[in-house]
There are 2 protein chains.
Amino acid sequence: MSALVKDNIVIAMKPSAHPRRGGRPLSFDRDAALDAAMRLFWQQGYEATSVAELTQAMGITPPSLYAAFGDKRRLFRAAVDRYLTGARTVEQIIGEAPTARDAARDLLMAAALGDTGESTPPGCLLASSLVTGSAEAAALREELAEIRRGIEARLRARIAQEQDPGEAEALAGHVMAVIQGMSTLAKDGADRAKLLAIVETALAGWPPG
Amino acid sequence: MSALVKDNIVIAMKPSAHPRRGGRPLSFDRDAALDAAMRLFWQQGYEATSVAELTQAMGITPPSLYAAFGDKRRLFRAAVDRYLTGARTVEQIIGEAPTARDAARDLLMAAALGDTGESTPPGCLLASSLVTGSAEAAALREELAEIRRGIEARLRARIAQEQDPGEAEALAGHVMAVIQGMSTLAKDGADRAKLLAIVETALAGWPPG
DNA sequence: CATATTCCATAGTGATTACTATGGAAGGTC
DNA sequence: GACCTTCCATAGTAATCACTATGGAATATG
């Protein structure tokens, strides 16, 4: 099976790996369309982004959006997954760091860089697109919260290799708070230099291992 | 003039201070209604909260909401103002702190306590209710961003009394990032003890004055 | 008690929302 | 070239949205 499927969504599918049986070919590039949707959700958030805005940004019509992604919720999930498998994953960042402090710093640095890209919206898609929401979006909000708690758990586990558990929980929580907070500061206009200075300040109190 | 007026909204008005000239009396308590609206905006955010939900929570009908507050945007601004004039204002907190570090700690503590109230939604209304939003809400988002930047500017000015300006900017930014971030952690389920531990961790690297 | 003033309940308005029915278009296959 | 399969454009659907028109209710005043 050459296509990645998650939650009944075809996430990554190479055309040549999927033998076509005839029929009209897609007139749009799925990855490019998903990328456009991701940026709009990143900039405006999930509920404030309408399907009309999505289809306009993606360059397709509503029936094409629904045929390719299922519905707005699954499109959003696909956008989040695409976001999370960007340059480097959290596992890679934490796994490659020599020390827990290095892991924290690398996560903070990646967040600061990601929050202030020149060709991407300010802030972080995971941190900002569903901070609050209606009752109807509660399940989706909880999915994002679960992803964030998972990231924190991985960092805490890494820190616990060098610090006692209580210390590890506070340090991991502090790092997550700064990551979340820098996203909003970036959306409020803070530039990369400022966020990087905040990263250094956040690490200044790191206890010796 | 015994009524406080802001942005053409009557914000605080004592009935006895406003001589009535006849006519049907209000059948709802304006402060209680505003309080209910504030909690709903705090929990769900501005755009994800409908007027139907607001009127249900406030115990009034749409014409009463529009008569008392003007429109949804002005109701939201009134809710934010009510939120900001809660127990203690930022000026009071910063003004009463003996040192800049105390000011930072007191702001962080107030945020941690406010984020985890027993009878209020988790998180912070100012930090979370319009992190992202549609183009139509851009002006309102910018108003909240301006309020947040104003808080940071006051803290930075206080810190600059004891530290050089570059240090003050990074320290104030770090405190704001943690305040913002703790709001989301609280919405994700973090309890008060955890947030208070994060506050201590955040202050661990404070440079000597 | 009639009138004036202010407020409320009901039933809307016009626009927007997520999503879809249907006929046609664009290919592949035999 | 006819048929099959897949996709697209258009024009919707039913529900929801922020907001309001209108007649009645509840007071104060003279």
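Chain identifiers are assigned alphabetically (A, B, ...) following the order of the sequence lines, protein sequences preceding nucleic acid strands; residue numbering begins at 1 within each chain. Note that the coordinates shown come from a computational prediction; the quantities given were computed from them, not determined experimentally.
In this structure, L140(B) atom CG and dA18(D) atom P are separated by 14 Å, rounded to whole Å. The separation between F28(A) atom CZ and dA9(D) atom C1' is 14 Å, rounded to whole Å. Between the P atom of dA18(C) and the CG atom of L54(A) lies a distance of 8 Å, rounded to the nearest Å. Residue L65(B) contributes atom CG, which lies 10 Å from atom C1' of dA18(D) at whole-angstrom precision. For the pair E47(B) CD and dA18(D) P, the interatomic distance rounds to 10 Å; values are reported in whole Å. Atom pair R24(B):CZ and dC8(C):P shows a separation of 6 Å (rounding to whole Å applied). Regarding E136(B), its CD atom lies at a distance of 12 Å from the P atom of dC19(D), rounded to whole Å. Taking atom CD1 of residue I60(B) and atom P of nucleotide dA25(D), one finds them 21 Å apart after rounding to whole Å.
Residue T61(A) has its side chain nearest to dT10(D) when only dT10(D), dC19(D), dC17(D) are considered. Comparing dC17(D), dC8(D), dA26(D) against the side chain of P25(B) picks out dA26(D) as the nearest. Here the nucleotide nearest the side chain of L26(B), chosen from dA18(C), dT27(D), dC8(C), is dC8(C). Minimum atom distance to the side chain of P63(A) is reached by dA9(D), of the listed dA26(C), dC8(C), dA9(D). Here the side chain of K72(A) is nearest to one of dC19(D), dC19(C), dG24(D), namely dC19(C).
Along DNA chain C, the nucleotide nearest P62(A) and the nucleotide nearest E53(A) are compared for position; the residue whose nucleotide lies closer to the 5' end is E53(A).
Proximity of Y46(A) to R73(A): side-chain heavy atoms (C-beta onward) are separated by under 4.5 Å at one or more points. By the 4.5 Å heavy-atom criterion applied to side chains, E47(B) and E47(A) are not counted as neighbours.
With no hydrogens or angles considered, no side-chain donor-acceptor pair links Q180(A) and S183(A) at under 3.5 Å.
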Apply side chain to side chain donor-acceptor pair (under 3.5 Å) to the pair T132(B) and Q43(A), showing each step before the final yes or no. CA-CA 7 Å; T132(B) 51; Q43(A) 177 182 334; over 6 Å; no
Could you walk me through whether R141(B) and L144(B) pass side chain to side chain contact (heavy atoms under 4.5 Å, CB included), step by step? CA-CA 5 Å; R141(B) 271 204 69 251; L144(B) 297 204; 5.9 Å; no
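A donor-acceptor pair under 3.5 Å is formed between the side chain of K72(B) and the backbone N or O of T49(B).
Contact annotation: S27(B) side-chain N/O to dC7(C) OP1/OP2 distance is not under 4.0 Å. A close approach under 4.0 Å does not occur between any side-chain nitrogen or oxygen of Y66(B) and OP1 or OP2 of dT20(D).
Note on T49(B): only backbone sugar-phosphate atoms sit closer than 4.0 angstrom, heavy atoms only; bases stay farther off.
For Q56(A), the CD atom sits in a loose shell: 12 or fewer heavy atoms of surrounding residues, nucleotides or ligands are nearer than 6.0 Å.
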Using atom names, set out every protein N or O paired with an N or O of nucleotides 13-15 of chain C below 3.5 Å, distance rounded to 0.1 Å.
none

